[in-house]
Amino acid sequence: MSHVLATYANFPVTIVKGEGTWLWDKEGKRYLDFCSGIATCSIGHCHPALTKAIAKQSSTLMHCSNLFQIPQQQELATTIVEDFVKIPGKIFFSNSGAEANDGMIKTARRFGHARPSKSGQPRYEVITFNNSFHGRTLGSMAATAQSKIQQGFDPMLPGFRYVPLNDIDALSKAISDITAGIMLEPIQGEGGINEVTPEFLHYVNKLCKQHDLLLMLDEVQCGLGRTGTLMGWQAFCPELEPDTISWAKSLGGGFPIGSFWTSDRPIDDQGTPLSSLMNAGSHGSTYGGNPLACAASSAVLGEILSSELPTNAARQEQRIRQEVSSWQHPHIVGIKGKGLLLGFALNVDSIPPDNSTPPALQLCKALMKNGLLTVPAGTETLRWLPPLNVSDDEVDQALSILKETIDSL
Ligand SMILES: *Cc1c(COP(=O)(O)O)cnc(C)c1O
């Protein structure tokens, strides 16, 4: 009998070992891993640069508290700001994506106090988008515009308003005196690999300027190279001026860590930097930014940069798109996403219902049997998220398993 709370309807497969893009279960069966712990194992399993960094730091110092100076944290923050975001700003470290988003939402609330509405009322509302996913804490769940995530947990934390993604008209109408920010995933991951359009992102940028709102990006799944660009938004609108950005997943390569960045841009005539609103005592995390997590993350980010993994992600995307489009497969109606955050939109009419198992889960299970691990995004999209350093040969093997499996559905 299990003593673990059954919050996951997980597969009856026990993974015991990993190396690069490969995993082994306890029966010794080998799988190609195009799930990567849901976009987490960004440089593959047990990459020597990562295991060495963890071994070295864990035998020197794992934790000492943010009450003290932590050079590993400073080094990682410098890498994120100078080599990834490349816009002046400051970083807060958490342990997960949901926590990073909570920190971003708190930043928006502080901003709404510093820049109240004309009547003097603090602004606090954050606009998010239908089918978004921002996490499972009370704050990030309220930001998540999906009833299946919120069901049975009401009342929700107030201060969110939901509009359809890429709907310029609905977004303009949703802005009011109490709006403090607009928060979005450049590519909705859990919601089905739904991309923001460049025109829409431009418009969000414009509205934020016009109405003095924070532009808040959740790049927990799409950030740090996965889209073929260092930042997810750069795949759609390189000239965007974000105010806050959150990450987790890829950031630790499998070691738990999350973070958010806040711009140094002045918010008033006195030149008060946005990042200064989150001052001493305003936020915290016991484990967040500990020396071990930061050393691990620095190794991951170092590998992403030095091996130019965003370039590989973009190249593999082209190879995958070319091959899968050439099939003109009746079960696949389209390919969505960017880089190695890809979704195959399935033809729900041609894949017959199997009890109550949705098409994406059916295909995911059949692929697993054939040695390829993937993950559904919603009910009708199969998601591919291999490690960013996946090789040509591994992609070719995955493509041939996909072809064979989908032919047999
Ligand atoms: C996974 C995810 C989160 C939540 O991250 P956790 O580490 O599970 O808390 C938030 N936003 C997006 C876009 C995600 O994909």
Side-chain angles (χ1 to χ4, degrees), residues 5 7-8 10 35-42 92-108 126-146 148-150 153 157 160 162 165 181-196 201 215-227 231-233 235-236 242 244-261 285 287-290 293 296-297 300 336-343 374-378 381 383-386 388:
L5 209 56
T7 58
Y8 280 89
N10 41 25
C35 167
S36 306
I38 316 186
T40 296
C41 305
S42 44
F92 178 87
F93 290 108
S94 63
N95 310 287
S96 69
E99 280 177 78
N101 285 337
D102 276 355
M104 273 206 313
I105 294 160
K106 284 177 73 172
T107 306
V126 173
I127 297 174
T128 64
F129 296 89
N130 294 349
N131 294 314
S132 54
F133 182 78
H134 299 298
R136 302 286 196 156
T137 57
L138 286 164
S140 59
M141 170 177 67
T144 295
Q146 290 194 60
K148 72 168 191 205
I149 302 288
Q150 301 181 344
F153 296 116
L157 178 78
F160 296 94
Y162 314 133
L165 188 67
I182 300 174
M183 174 170 168
L184 61 92
E185 300 156 82
I187 301 179
Q188 291 183 337
E190 300 310 305
I193 314 293
N194 308 317
E195 298 166 64
V196 71
L201 209 45
L215 206 177
M216 307 157 71
L217 298 177
D218 178 347
E219 299 227 344
V220 167
Q221 186 157 163
C222 71
L224 306 173
R226 187 151 287 280
T227 52
M231 303 279 105
W233 48 272
F236 303 96
T244 64
I245 314 171
S246 60
W247 303 276
K249 295 196 164 95
S250 283
L251 181 63
F255 198 92
I257 182 169
S259 76
F260 71 93
W261 166 91
S285 166
Y287 272 130
N290 68 72
S297 179
V300 172
K336 304 185 281 182
K338 287 271 190 292
L340 291 173
L341 177 50
L342 291 178
T374 60
V375 59
T381 304
R383 193 166 18 160
W384 269 17
L385 312 150
L388 302 178

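Computed from heavy atoms alone, side chains included, the values below leave out hydrogens, waters and symmetry copies. For ligands, and for the atoms within them, numbers begin at 1 and follow the listed sequence. No experiment lies behind these values; they were computed from the predicted model shown.
In this structure, the separation between CG on Leu385 and CD1 on Ile38 is 8.0 Å, given to the nearest 0.5 Å. Here the CE-OG distance, from Met183 to Ser246, works out to 6.0 Å after rounding to the nearest 0.5 Å. Here the CG atom belonging to Leu388 is positioned 9.0 Å from the CG atom belonging to Leu224, to the nearest 0.5 angstrom.
Ligand 1 has a nitrogen or oxygen under 3.5 angstrom from a nitrogen or oxygen of Gln221. The shortest N or O to N or O distance between Gly135 and ligand 1 is not under 3.5 Å. Annotation: Val220 places no N or O atom under 3.5 Å from an N or O atom of ligand 1; distance criterion only. At a 3.5 angstrom cut-off on N or O pairs, Ala248 does not count as close to ligand 1.
Counting atoms of ligand 1 from 1 in the listed order, those under 4.0 Å from a heavy atom of Asn101 are 10 (C), 11 (N). Of all the atoms in ligand 1, the ones that sit under 4.0 Å from a non-hydrogen atom of Ala98 are 4 (C), 5 (O), 6 (P), 9 (O). Close contacts between ligand 1 and Glu185 involve ligand atoms 13 (C) [criterion: under 4.0 Å to a heavy atom]. Residue-ligand proximity, Gly97 to ligand 1, at heavy-atom distances under 4.0 Å covers atoms 5 (O), 6 (P), 7 (O), 9 (O). Within ligand 1, counting atoms from 1 as listed, the ones closer than 4.0 Å to a heavy atom of Ser96 are 7 (O), 9 (O).
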(request) Check step by step if side-chain contact (heavy atoms from CB on, under 4.5 Å) holds for Ile182 and Phe129. (result) CA-CA 9 Å; Ile182 300 174; Phe129 296 89; 3.8 Å; yes

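Two residues are said to be in side-chain contact when any heavy atoms from C-beta on lie closer than 4.5 Å; Phe260 and Met216 fail this criterion. Between Phe92 and Ser285, some side-chain heavy-atom pair lies under the 4.5 Å cut-off. Counting heavy atoms from C-beta on, the side chains of Gln221 and Glu190 come closer than 4.5 Å.
Residues Ile149 and Gly135 share a closest heavy-atom pair of CG2-O, 4.5 Å. Counting all heavy atoms, side chain and backbone alike, Ala100 lies closest to Trp247 at CB-O, 4.0 Å. Here the shortest heavy-atom pairing between Lys249 and Val220 reads CB-O, 3.2 Å.
Residue-level proximity to ligand 1 for Ile38 is absent, since no heavy atom of it falls below 4.0 angstrom. Residue contacts with ligand 1, taken as heavy atom pairs separated by less than 4.0 Å, do not involve Glu99 at all. In His134, the part holding a heavy atom less than 4.0 Å from any atom of ligand 1 is the backbone.
Within a 4.0 Å radius of atom 8 (O) of ligand 1, the protein has no heavy atom.
Here the heavy atom of the protein found nearest to atom 12 (C) of ligand 1 is Phe133 O, 3.3 Å. Looking only at protein heavy atoms, the nearest one to atom 11 (N) of ligand 1 is Asp218 OD2, 2.7 Å. The protein heavy-atom contact nearest to atom 1 (C) of ligand 1 is Lys249 NZ, 1.5 Å.
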